[in-house]
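Following: one structure in structure tokens, then a few remarks.
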Amino acid sequence: MISVIQTDITALDVEAIVNAANESLLGGGGVDGAIHRAAGPGLLEACRGLNGCPTGEARITPGFALPARWVIHTVGPVWRGGGSQEAGTLAACYRSSFILAKEYKIKTLAFPAVSTGVYAFPKDRAASIAVSVAREYEAFFNAIIFCCFSDGDKKRYQELLA
């Protein structure tokens with residue numbers, strides 16, 4: 001089941017939340033900073049041990065102080081106009097996240113809108129990619145949640161899922 005909600009991803013009681021991280025995995029702004037703050041210092045230590053993550057891939061850590069047991073960190077592409085394989089790289093982020101979730105037998109997970117903040121990926125295209133990839137993996141999960149920051153983002157996902 002794929003759904004959409006508008007809330008703080010750090011408060012969700014799911015098995016895993018996905019972090020829209022940067023390649024260092026050491027925290028940043030937006031959802032990345034919020035997840036690091038809510039999880040506490042253990043998350044930063046765990047991320048240090050991962051030695052980063054290339055764009056398009058994903059890594060997993062415990063959730064520490066979060067309600068979620070796991071955090072799947074994925075690094076989305078910076079939008080450069082669409083001619084630098086950004087769409088394929090964003091799809092790879094979602095696929096990598098789903099593959100890790102399957103490996104860890106996670107059945108409920110929540111995603112933010114990866115790459116649509118400071119990385120400036122166009123929100124409509126990003127949402128379309130996210131929903132398309134989620135549909136590829138839907139049968140393996142009990143709940144896939146798109147956790148939106150704004151009402152506009154929520155409506156965008158609702159339209160795609162209708």
Side-chain angles (χ1 to χ4, degrees), residues 1-22 24-47 49-50 53 56-76 90-119 121 123-124 126-162:
M1 183 175 128
I2 304 173
S3 62
V4 59
I5 58 173
Q6 182 181 349
T7 193
D8 176 358
I9 197 167
T10 67
L12 289 178
D13 188 10
V14 292
E15 289 176 86
I17 60 172
V18 176
N19 181 16
N22 59 52
S24 77
L25 301 181
L26 302 180
V31 71
D32 189 16
I35 289 171
H36 272 267
R37 285 188 298 277
L43 183 60
L44 181 59
E45 280 306 306
C47 286
L50 295 174
C53 179
E57 294 184 17
R59 302 290 184 266
I60 193 165
T61 62
F64 297 95
L66 293 164
R69 181 172 176 206
W70 301 102
V71 178
I72 297 172
H73 309 266
T74 193
V75 182
L90 184 60
C93 288
Y94 284 95
R95 284 189 185 99
S96 296
S97 298
F98 282 119
I99 289 165
L100 264 181
K102 282 177 61 181
E103 283 177 23
Y104 280 75
K105 299 185 178 1
I106 292 163
K107 290 294 189 178
T108 59
L109 70 162
F111 287 88
V114 177
S115 280
T116 62
V118 70
Y119 286 10
F121 204 107
K123 290 183 176 193
D124 287 339
S128 180
I129 290 165
V131 168
S132 176
V133 175
R135 286 188 170 133
E136 294 172 20
Y137 289 89
E138 183 175 13
F140 300 101
F141 297 92
N142 295 335
I144 298 169
I145 301 165
F146 289 107
C147 185
C148 298
F149 182 73
S150 72
D151 192 51
D153 289 342
K154 180 181 175 187
K155 287 178 183 168
R156 184 175 291 110
Y157 281 89
Q158 286 173 326
E159 288 170 6
L160 288 165
L161 291 169

Go through His36 and Asn19 one step at a time and tell me if the side-chain contact (heavy atoms from CB on, under 4.5 Å) criterion holds.
CA-CA 9 Å; His36 272 267; Asn19 181 16; 4.3 Å; yes
Is it true that a side-chain atom of [X] and a backbone atom of [Y] form a donor plus acceptor pair closer than 3.5 Å?
X: Ser97; Y: Cys93; value: yes
X: Asp13; Y: Ala68; value: no
X: Thr74; Y: Glu57; value: yes
X: Ser96; Y: Gly56; value: yes
X: Lys102; Y: Lys107; value: no

Take Tyr94 and Val18 through the test side-chain contact (heavy atoms from CB on, under 4.5 Å) and record every step on the way to the result.
CA-CA 9 Å; Tyr94 284 95; Val18 176; over 6 Å; no
Taking only Lys NZ, Arg NE, NH1 and NH2, and the carboxylate oxygens of Asp or Glu, determine whether Asp153 and Arg156 approach each other closer than 4.0 Å.
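The answer is yes: the pair qualifies as a salt bridge.
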Salt bridge present between Glu15 and Lys105 (N-O < 4.0 angstrom)
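Salt bridge: no.
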Qualifying residue, where the test is ring pair (Phe, Tyr, Trp, His ring centres under 6.0 Å) with Phe141 and the options are Phe98, Tyr104, Phe111:
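Looking at Phe98, Tyr104, Phe111, the match for Phe141 under the ring pair (Phe, Tyr, Trp, His ring centres under 6.0 Å) is Phe98.
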Show me the pairs that pass side-chain hydrogen bond (donor to acceptor under 3.5 Å, both in side chains) and involve residues 137-148, at least two apart or across chains.
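Passing the test, one end in residues 137-148: no pairs.
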Could you report the tightest heavy-atom contact between Cys53 and Val75, atom names first, then the distance?
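Closest heavy-atom pair between Cys53 and Val75: O-CG2, 3.5 Å.
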Check the pair Thr10 / Ile35 against side-chain contact (heavy atoms from CB on, under 4.5 Å), numbers first and verdict last.
CA-CA 6 Å; Thr10 67; Ile35 289 171; 3.8 Å; yes
Evaluation steps, side-chain contact (heavy atoms from CB on, under 4.5 Å), between Ile106 and Ile60
CA-CA 11 Å; Ile106 292 163; Ile60 193 165; 3.9 Å; yes
